[in-house]
Colleague: 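Handing you a structure now.
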There are 2 protein chains.
Amino acid sequence: MIDVVIADDHRLMLESLAEALDSIPDIRVVATASDGRELIDAAREHRPRVLLVDIDMPQVTGIAALRELPGDVPAIVVTMHTGETERHQAQAAGAVGFLSKATPLPDLAAAVRAAAAGEDMMNLDELDEVLSRHRSPQLDAGAASLTAREREILRLLAQGVSATDELADVLFISQKTVKNHLANIYDKLAVADRAQAAVEAIRLGLHKEER
Amino acid sequence: MIDVVIADDHRLMLESLAEALDSIPDIRVVATASDGRELIDAAREHRPRVLLVDIDMPQVTGIAALRELPGDVPAIVVTMHTGETERHQAQAAGAVGFLSKATPLPDLAAAVRAAAAGEDMMNLDELDEVLSRHRSPQLDAGAASLTAREREILRLLAQGVSATDELADVLFISQKTVKNHLANIYDKLAVADRAQAAVEAIRLGLHKEER
DNA sequence: GGTGCGATAGGTCGGACGGCCTATGGTCCG
DNA sequence: CGGACCATAGGCCGTCCGACCTATCGCACC
């Protein structure tokens with residue numbers, strides 16, 4: 001689980017991004033800030049693994065805030081202004097990444113994971129390669145070891161198909177097999193019953209998957 | 001359920017906002033667009049109840065797109081540039097609302113509900129009053145009639161407390177009472193068991209509530 | 001060509017769950 | 001005051017669930 005603090009002066013951006021990142025299973029937004037001052041305070045108080053920082057902020061800019069903060073927490077600068085000047089300022093202030101606000105959300109998530117893993121993303125030639133190495137969420141041992149069939153059953157659970165006979169009908173297998181898969185799922189996710197498995201499945205985002 | 005189409009040229013904003021709004025129980029994002037052209041196509045194809053439109057977009061701006069679209073779908077303009085010029089252009093193009101990107105997310109959700117209800121939000125003096133009338137999500141009959149105790153139990157379910165005896169212990173009531181509440185919850189939400197109730201509880205956002 | 005693993009399936013069993021009914025005390029409101 | 005609603009609680013019953021064990025088939029990897 002990667003703890004993140006986000007700073008952006010547009011509340012709509014700040015709150016939407018916080019909500020969206022928080023719904024990613026391996027990322028948790030522990031605090032948000034609307035200017036550089038709040039960012040510095042939040043970073044000191046919550047000790048996150050990664051900072052996401054906008055440049056344009058009233059009073060203290062993102063760049064200025066980064067200069068005040070110790071370099072022990074990797075910071076990704078996210079900005080509308082992707083000129084070389086801003087880029088160099090960000091780099092000089094200690095940023096490990098510099099992304100445009102045109103970046104797709106999954107790429108930002110990948111950048112957060114990369115930053116948490118100690119990667120540097122200031123080299124544009126390597127950026128794509130670094131991001132692609134961190135595209136998939138780093139799930140905990142249990143969730144990561146789920147088989148395709150088990151994920152399928154979890155997906156159905158998260159979508160409201162909970163009865164054994166319904167699951168068996170949808171999957172064209174016997175009720176017995178459904179129960180076996182469920183038992184394995186309970187083991188891997190360390191839960192006790194369908195209700196808890198459904199909660200966990202939704203946390204993992206399985207309810208959004210199609211087919 | 002209010003179907004919405006969002007247009008914004010910054011993918012991070014677009015995708016984050018889509019994710020955040022979609023997680024609100026009475027709002028569904030049916031399509032997103034990165035420029036005015038896509039917005040026009042998406043509006044025609046998906047026939048949403050409300051449009052959320054950024055002004056600054058390449059090729060065809062939000063204002064230009066609104067001018068091309070029939071006025072039968074209410075549009076809310078969301079922009080960084082809140083000058084009188086933009087305001088008047090938006091109004092002339094048929095927008096029913098004009099909000100800054102500094103607007104808090106809950107206010108935007110309220111504006112979406114207001115727009116879906118046919119309200120006009122172009123009068124700044126009435127804006128606060130109109131928004132406050134639409135703050136709470138319009139839940140369907142079942143969810144709206146839940147009692148405090150029932151919501152409490154649903155919240156626990158959504159947070160992974162599923163066993164009758166655990167629920168009884170946490171709430172300091174007998175297991176029998178827990179089962180009675182659950183039976184009433186199943187009725188109101190039209191579900192059959194705890195797993196489905198938990199799924200519904202998360203959809204309603206109860207898992208985020210404290211205490 | 002084993003060895004391992006996943007998907008399939010069956011049996012048994014005790015306990016948990018959900019459906020249905022009744023009942024009491026409290027609160028709020030007309 | 002009476003009615004409506006809620007939280008609390010108990011009983012009964014049939015069904016479903018989860019735990020534990022065994023077993024076969026197919027596929028992939030070495």
Side-chain angles (χ1 to χ4, degrees), chain A residues 136 139-204 206 209 211, chain B residues 136 139-204 206 209 211:
Chain A
S136 42
L139 302 173
D140 39 68
S145 68
L146 289 169
T147 68
R149 202 52 155 170
E150 287 160 359
R151 266 201 305 278
E152 173 85 354
I153 289 186
L154 265 180
R155 197 203 84 221
L156 290 168
L157 252 193
Q159 292 171 346
V161 184
S162 58
T164 305
D165 54 3
E166 276 185 80
L167 288 166
D169 285 354
V170 174
L171 298 172
F172 302 109
I173 56 179
S174 86
Q175 302 195 11
K176 216 70 218 81
T177 306
V178 170
K179 294 172 114 187
N180 289 336
H181 286 312
L182 281 171
N184 294 330
I185 289 170
Y186 300 157
D187 250 14
K188 292 183 180 178
L189 298 186
V191 297
D193 55 37
R194 294 164 200 234
Q196 290 177 10
V199 171
E200 187 65 8
I202 293 176
R203 196 184 68 78
L204 295 172
L206 293 174
E209 315 218 335
R211 69 188 313 267
Chain B
S136 42
L139 302 173
D140 40 68
S145 68
L146 289 169
T147 68
R149 203 52 156 169
E150 287 160 358
R151 266 200 304 279
E152 173 85 356
I153 289 187
L154 265 180
R155 196 205 85 221
L156 290 168
L157 252 192
Q159 293 172 346
V161 184
S162 57
T164 304
D165 55 2
E166 277 184 79
L167 289 166
D169 284 354
V170 174
L171 299 172
F172 303 109
I173 56 180
S174 85
Q175 301 197 11
K176 201 66 212 58
T177 306
V178 170
K179 294 172 118 189
N180 290 335
H181 286 311
L182 282 170
N184 294 330
I185 289 170
Y186 300 158
D187 247 15
K188 292 183 180 177
L189 298 186
V191 298
D193 56 36
R194 292 162 204 236
Q196 290 177 10
V199 170
E200 188 64 9
I202 293 176
R203 196 184 68 78
L204 294 171
L206 293 174
E209 315 217 334
R211 270 262 53 234

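In what follows, every chain begins at residue 1, and chains take the letters A, B, ... in the order their sequences are listed.
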Colleague: Is there side-chain contact between A:His181 and A:Thr147, with heavy atoms separated by less than 4.5 Å?
Modeller: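 No - every pair of side-chain heavy atoms lies 4.5 Å or more apart.
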Colleague: Once you round it to whole Å, what is the distance between P of D:dG18 and CG of A:Leu189?
Modeller: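 The answer, rounded to whole Å, is 13 Å.
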Colleague: With a 4.0 Å cut-off on N to O distance, would you call A:Arg203 and A:Asp140 a salt bridge?
Modeller: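 Looking at A:Asp140 together with A:Arg203, the answer is yes, because their closest N to O distance falls below 4.0 Å.
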Colleague: Taking the side chain as every heavy atom from C-beta outward, state whether B:Gln159 and A:Val199 have any pair of such atoms under 4.5 Å apart.
Modeller: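 In short, these two side chains do not touch, never coming nearer than 4.5 Å.
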Colleague: Establish, from distance only, whether the side-chain atoms of B:Arg149 and B:Thr177 form a donor-acceptor pair under 3.5 Å.
Modeller: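 Result is no, nothing qualifies.
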Colleague: Determine yes or no for a side-chain-to-main-chain donor-acceptor pair under 3.5 angstrom, with A:Glu209 supplying the side chain and A:Leu206 the backbone.
Modeller: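 The answer is no, because no donor-acceptor pair under 3.5 Å joins these two groups.
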Colleague: Rounded to the Å, how far apart are B:Asp187 CG and D:dC5 P?
Modeller: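 So the two atoms are 14 Å apart, to the nearest Å.
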Colleague: Would you mind building the protein contact string for nucleotides 3-18 of chain C? One character per nucleotide, 5' to 3', B for base within reach (heavy atoms under 4.0 Å), S for sugar-phosphate only, - for untouched.
Modeller: ---SSBBBB-----BB
Colleague: Within this structure, what is the CG-to-P distance between B:Leu154 and D:dA7, rounded to whole angstrom?
Modeller: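 One finds 12 Å between P of D:dA7 and CG of B:Leu154, rounded.
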